[in-house]
Amino acid sequence: MQKLTRSLLRWYEKKGRRLPWRISPYDLKTGIKPDPYKVWVSEIMLQQTTVSTVIPYFNQFIEEWCNVAQLSKADQNEIISFWAGLGYYSRARNILRSAKEIMDKYQGEIPEEKDKLKSLPGIGEYTASAIRSIGFQKSDITIDGNIERIITRLFRIETPIRFSKKIIQKKAKLIFPKNRTGDFCQGLMDLANIICKPRKPICTECPISSFCESFKEGETDSIPVKVPKKPKPIRKGFVYFVKNNDNKILMERRPDEGLLGGLLAFPSSDWLENEPDLVFPIDAEWSQPFDKIMHEFTHFKLELKVVVGMAGKFHIKKSTYEVFDLHSLDESQLPTLMRKVLRKGKKLANQKI
DNA sequence: AAATCGGGGTC
DNA sequence: GACCCAGATTT
């Protein structure tokens, strides 16, 4: 084993984070085994999502569905509502689909084989490796965005990460140990989070700075090299907050595919780069669209004008509409955009009375 | 290789 | 504001 590897593992034992899905290196040594189910759930939630955001969702998820069998029996809308606020909602549908497939094909046991893992929906190269190394204590080299940053700095790779995946893979082979691969991997993640941060890494406290070529050359600020990003276009539209005499409101479940797929939403127009025409979804007394809601997605900004409608009785035009009681609607089952709409809509509706 | 798919923490 | 986070999947 290399010096770098030993230094990192020792640092991980001392400074590593305690996380709900993680078995500490001490407990691992006593023979306590990780729960592959928890590792799987955590890895799905952690895709492009920070640890601090995931922790409360993870704890509640495990409380609700403590194993594959239980999860497989859950209702899709239940899982999606649970996932609301976490983002990337295809993960919610995929984790349920995977649970069912694991019941059918593998008798409820999460498979260890890489190709079987990767064939499950929502599990790609990284997640399969992570489940194997962390959950099953296999020797898979596991590389995520954090570890890519560490490796490019360690080996002073001066090409942007998206063009240097092959080199990163080769360098990773040089430092990943055959034993305690999961600990090493998680140690790198913790190092990336605590020390080797995207900006202003704390190299004075880094256990492997003596092996770091970027540190040696004073280039930790310029590596990894970042590529300029495209500006986000702005899309516009209307969102309709329609309230009834007995405090019922009109909502809609979005189709599974696409943005906010499967989530509960307020009815809205299309979202286009040119503001669409204002067409009301239902007969009501409509306000002027003065108030705006701003929201930012991964690849566009959204400006929604809120239109409040007061209806006597609902005459439903579309079958996808669902009527909810305003006061018993739990905003926790809404995506963040629709939470904003709910708050604004409530305020505006109150002003009108 | 680029686009799609959320939301929030951090500096 | 810009950047990025234990990425996967489709185009």
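Looking at the side chain of A:Lys230, the nearest of the listed nucleotides B:dG7, B:dC11, B:dA2 is B:dA2.
The C1' atoms of B:dC5 and C:dC4 are separated by 16 Å, rounded to the nearest whole Å. The gap from the C1' atom of B:dA3 to that of C:dA6 amounts to 23 Å, rounded to the nearest Å. Taking the P atom of each, C:dT9 and B:dG8 are spaced 24 Å apart, rounded to whole Å.
Side-chain atoms of A:Gln47 and A:Thr127 include a donor-acceptor pair closer than 3.5 Å. Between A:Asn94 and A:Arg97, the side chains place a donor N or O and an acceptor N or O closer than 3.5 Å (distance only, hydrogens not considered). No hydrogens or angles considered: nothing links the side chains of A:Thr142 and A:Asp140 as a donor-acceptor pair under 3.5 Å. Residues A:Glu101 and A:Tyr106 have side chains that never bring a donor and an acceptor to within less than 3.5 angstrom of each other.
What separates CZ of A:Arg91 from C1' of B:dC5 is a distance of 10 Å, to the nearest Å. Between A:Leu334 atom CG and B:dG7 atom P the separation is 11 Å, expressed in whole Å. Atom CD of A:Glu296 and atom P of B:dC5 are 15 Å apart (whole Å). Straight-line distance from the NE2 atom of A:His299 to the C1' atom of B:dC5: 7 Å, rounded to whole Å. Separating the CZ atom of A:Phe300 from the C1' atom of B:dG6 is a distance of 10 Å, rounded to the nearest angstrom. For the pair A:Leu337 CG and B:dG8 P, the interatomic distance rounds to 11 Å; values are reported in whole Å.
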Evaluate A:His295 against A:Phe297 for ring pair (Phe, Tyr, Trp, His ring centres under 6.0 Å), listing each step before the verdict. CA-CA 7 Å; A:His295 192 72; A:Phe297 291 105; 4.8 Å; yes
Going 5' to 3' through nucleotides 2-8 of chain C, assign each nucleotide B (protein heavy atom under 4.0 Å from a base atom), S (under 4.0 Å only from sugar-phosphate atoms) or - (no protein heavy atom that close). BBBBBBS
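Take the nearest nucleotide of DNA chain B for A:Arg162 and for A:Phe297: the residue whose nucleotide is more 5' is A:Arg162. Nucleotides of DNA chain B nearest to A:Leu259 and A:Ser52 differ in position, and the one nearer the 5' end is that of A:Leu259.
Taking 4.0 angstrom as the limit, A:Thr336 places a side-chain polar atom (N or O) nearer than this to OP1 or OP2 of B:dG8.
Both A:Leu337 and A:Phe324 are members of a single hydrophobic cluster when ILVMFWY side chains are connected at heavy-atom separations under 4.5 Å. In terms of hydrophobic clustering, with Ile, Leu, Val, Met, Phe, Trp and Tyr side chains grouped at heavy-atom distances under 4.5 Å, A:Ile223 and A:Ile147 are assigned to different clusters.
The residue A:Ile147 sits apart from the nucleic acid: no heavy atom pair falls under 4.0 Å.
Residues passing the salt bridge (charged side-chain N to carboxylate O under 4.0 Å, His left out) test with A:Lys226: none are found, sequence neighbours excluded.
Near DNA chain B, defined here as any heavy-atom distance below 4.0 Å, there are no residues from residues 152-161 of chain A.
Between A:Phe280 and A:Trp286, the two ring planes are parallel [angle under 30°; tilted spans 30° to 60°].
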